[in-house]
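This report refers to the structure that appears directly beneath it.
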Amino acid sequence: MSSKLGFGWACLLISLMVLVTEVRGRVKIFNVMNYRAVADGATDNSQAFLKAWKEACEWKGNGSVLVPPGSYMVNSVRFEGPCKGSVGVVIGGLLKAPADPSKFSTDSWINFRYVDHLTVSGGTLDGQGQVAWGLNDCSKNSNCPRLPTTIRFDFVTNAWIDHVSSINSKNNHIVLFGCENVNMTHIRISAPADSPNTDGIKIGSSHGIRISRSTIGTGDDCIAMLSGTKDVHISNVVCGPGHGISIGSLGKNNGDDVNGVVVKNCTFRGTSDGVRIKTWAAPSLGTASNFIFQDIFMDQVGNPIILDQEYCPYPPCRQQPSLLQISNVTYRNIWGSSNAKVAVTLRCSGSKPCQNVVLEDINLDYRGPDSPATALCSHVNGLSVGHQSPPPCI
Ligand SMILES: *[C@@H]1O[C@H](CO)[C@@H](O)[C@H](O)[C@H]1NC(C)=O
Ligand SMILES: *[C@@H]1O[C@H](CO)[C@@H](O)[C@H](O)[C@H]1NC(C)=O
Ligand SMILES: *[C@@H]1O[C@H](CO)[C@@H](O)[C@H](O)[C@H]1NC(C)=O
Ligand SMILES: *[C@@H]1O[C@H](CO)[C@@H](O)[C@H](O)[C@H]1NC(C)=O
């Protein structure tokens, strides 16, 4: 009964989405069913999807690939531009990846490349990662294979990704590389807390990325921002389980820069870390600056505020002070509970002390036998203002 009802709603939603886009932009629909897709959850639909994409992409107007409700097995697919007009992909159903990791010759399952004016909306992407996770734990398996990211956007510009769910990715859920002006709304990401390397959204070499109204629970970072990333705005995101929202790790190579990140009005639940900046203790040059973490609730978080310039998840680490300059970092109105006594860690580099770090209105509580919470700083220049609990170390 309830699944019939759900199906009905999905149909209605799809019809409305198609209608709205059709009226707005004179869209031509390319329904995968007209390209022999079979919604039985087992037949490989890669060719049907690729043909529908090709025609939508070559349509000199606004083309839209439609995947009606149902369950579709899809092998590794690459949706490539440039296209002649804008392209939409409307997914009404469930896409399933092959469970066997050896079926993938590339580093992604679903890949969009070189597309301008792309919209991806709806759908659940099931990476079927359970088999792969056993292989992906590099701490137990030194020969760990390259596993595919669920959905990867390379050199995609002016895009909107909306109401997309990703479950049980084999590796990262969503990766953006070389992208510009991408908005992501109502994204749902989920994988078990112990699934290795399942970052939620990983962003590298991209500018103008906005993520809002999304829920991410996974085995690695909820969101990670890496080298070459600028101007990222994250708001109304709930993160947990996972390793928090991270900038880095940076500083393994020269020029690992990240500049301009705002994380606002977010909640962290039971994550190992909250808002995190991490650089390797290696002599590479770079800058990480202009970050604001504001209006954030921490619910039983391991390291709610952590800036670590001696990051070393596994040896060998060259134990030299980091030469990556961190500056202009504001933590404002962050409250809730810490699972560790040290609720605030600002461990900067002895060679390049952090500049202009501001702690403003911090209220983090720790209820262990060795309470209260403390803050730990090294090589930090900046100031603390407003309410401070734990007592500030700047
Ligand atoms: C495509 O859609 C956009 C708005 O979504 C509209 O401005 C544009 O005119 C449309 N292009 C064509 C060729 O229909
Ligand atoms: C993304 O959102 C911003 C701010 O709301 C808006 O200015 C921009 O046009 C949007 N971009 C796309 C591709 O939808
Ligand atoms: C902040 O988040 C809460 C809960 O997630 C939401 O109800 C509220 O509208 C958000 N505030 C703003 C300014 O977006
Ligand atoms: C840090 O902020 C100051 C004041 O807003 C600004 O002048 C400076 O350029 C910023 N530093 C970096 C590295 O962007």
Side-chain angles (χ1 to χ4, degrees), residues 17 20-21 24-25 62 64 81 83 85-89 112 115-121 153 155-164 176 178-188 201 203 206-217 222 228-240 245 247 250-251 255-269 271 274 277 279 285-299 307 323-336 348-349 352-358 360 380-383:
M17 276 161 134
V20 166
T21 35
R24 246 205 242 138
N62 293 328
S64 190
C83 299
S86 73
V87 205
V89 177
F112 290 92
V115 187
D116 188 27
H117 295 290
L118 172 71
T119 306
V120 179
S121 50
F153 299 87
F155 311 102
V156 167
T157 49
N158 306 308
W160 183 26
I161 305 160
D162 183 44
H163 278 107
V164 172
L176 305 182
C179 294
E180 202 171 325
N181 188 20
V182 177
N183 294 350
M184 308 178 76
T185 46
H186 305 107
I187 305 295
R188 297 274 174 281
I201 303 174
I203 307 168
S206 297
H207 306 173
I209 310 299
R210 291 168 210 84
I211 302 168
S212 62
R213 300 182 194 285
S214 296
T215 304
I216 306 174
C222 287
T229 295
K230 276 202 293 205
D231 183 19
V232 178
H233 199 281
I234 297 166
S235 60
N236 301 320
V237 168
V238 178
C239 164
I245 294 184
I247 293 168
L250 304 174
D256 265 2
D257 298 353
V258 174
N259 190 2
V261 174
V262 176
V263 179
K264 240 183 182 172
N265 202 35
C266 292
T267 297
F268 294 77
R269 280 194 209 289
T271 50
I277 302 173
T279 80
L285 295 168
T287 60
S289 43
N290 305 316
F291 305 139
I292 298 173
F293 303 99
Q294 183 173 332
D295 305 329
I296 292 173
F297 172 49
M298 302 283 179
D299 181 9
L307 187 167
L323 291 183
L324 191 134
Q325 177 70 63
I326 294 178
S327 57
N328 297 356
V329 185
T330 297
Y331 300 94
R332 180 182 291 135
N333 190 29
I334 299 183
W335 76 99
C348 295
S349 163
K352 293 268 186 181
C354 295
Q355 302 297 330
N356 192 23
V357 177
V358 177
E360 183 177 341
V380 184
N381 293 308
L383 69 150

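In listed order, ligands and their atoms are each counted from 1. Every value quoted in this text rests on a predicted model; they were computed, and no experiment measured them.
Taking 4.5 Å as the limit, some side-chain heavy atom of Val357 sits within range of a side-chain heavy atom of Tyr331. For the pair Val182/Phe153, no side-chain contact is recorded, criterion being any heavy-atom separation below 4.5 Å from C-beta on.
Proximity of a side-chain donor or acceptor of Asp257 to a complementary backbone N or O of Thr287 within less than 3.5 Å is detected. With hydrogens and angles ignored, the 3.5 Å screen pairs a side-chain donor or acceptor of Asp256 with a backbone N or O of Gly251. In this structure, the side chain of Thr271 does not engage the main chain of Arg269 through any donor-acceptor pair within 3.5 Å.
When Thr287, Asn259, Asn328 are ranked by how near their heavy atoms come to atom 6 (C) of ligand 4, first place goes to Asn328.
Atom 11 (N) of ligand 4 is flagged as protein-proximal [any protein heavy atom, distance under 4.0 Å]. Distance remark: protein heavy atom present below 4.0 angstrom from atom 14 (O) of ligand 2. For atom 4 (C) of ligand 4, the nearest protein heavy atom is 4.0 Å or more away. By the definition of a contact as any protein heavy atom under 4.0 Å away, atom 1 (C) of ligand 3 is in contact.
Under the 2.5 Å cut-off for SG-SG separation, Cys239 and Cys266 do not qualify: their sulfur atoms lie farther apart than that.
Of the N or O atoms in Asn265, one or more lie within a sub-3.5 Å distance of an N or O in ligand 3. Residue Ser327 places no N or O, backbone or side chain, under 3.5 Å from any N or O of ligand 4. Annotation: Asn158 places no N or O atom under 3.5 Å from an N or O atom of ligand 2; distance criterion only. Of the N or O atoms in Asn181, one or more lie within a sub-3.5 Å distance of an N or O in ligand 2.
For Cys354, the disulfide bond (SG atoms under 2.5 Å apart) partners at least two apart in sequence or on another chain are Cys348.
Counting all heavy atoms, side chain and backbone alike, Arg332 lies closest to Ile292 at NH1-CG2, 4.5 Å. Ile277 and Phe293 make their closest contact through CD1-CE1, 4.2 Å (heavy atoms, listed as atom of the first residue, atom of the second, distance).
The proximity of Thr267 to ligand 3, defined as any non-hydrogen pair under 4.0 Å, does not occur for either the backbone or the side chain.
Contact atoms of ligand 4 toward Ser289: 13 (C) (distance under 4.0 Å to a heavy atom of the residue). Near Asn290, the atoms of ligand 4 lying under 4.0 angstrom from a non-hydrogen atom of the residue are 1 (C), 10 (C), 12 (C), 14 (O).
Given atom 8 (C) of ligand 2, the protein heavy atom at minimum distance is Asn183 ND2, 3.8 Å.
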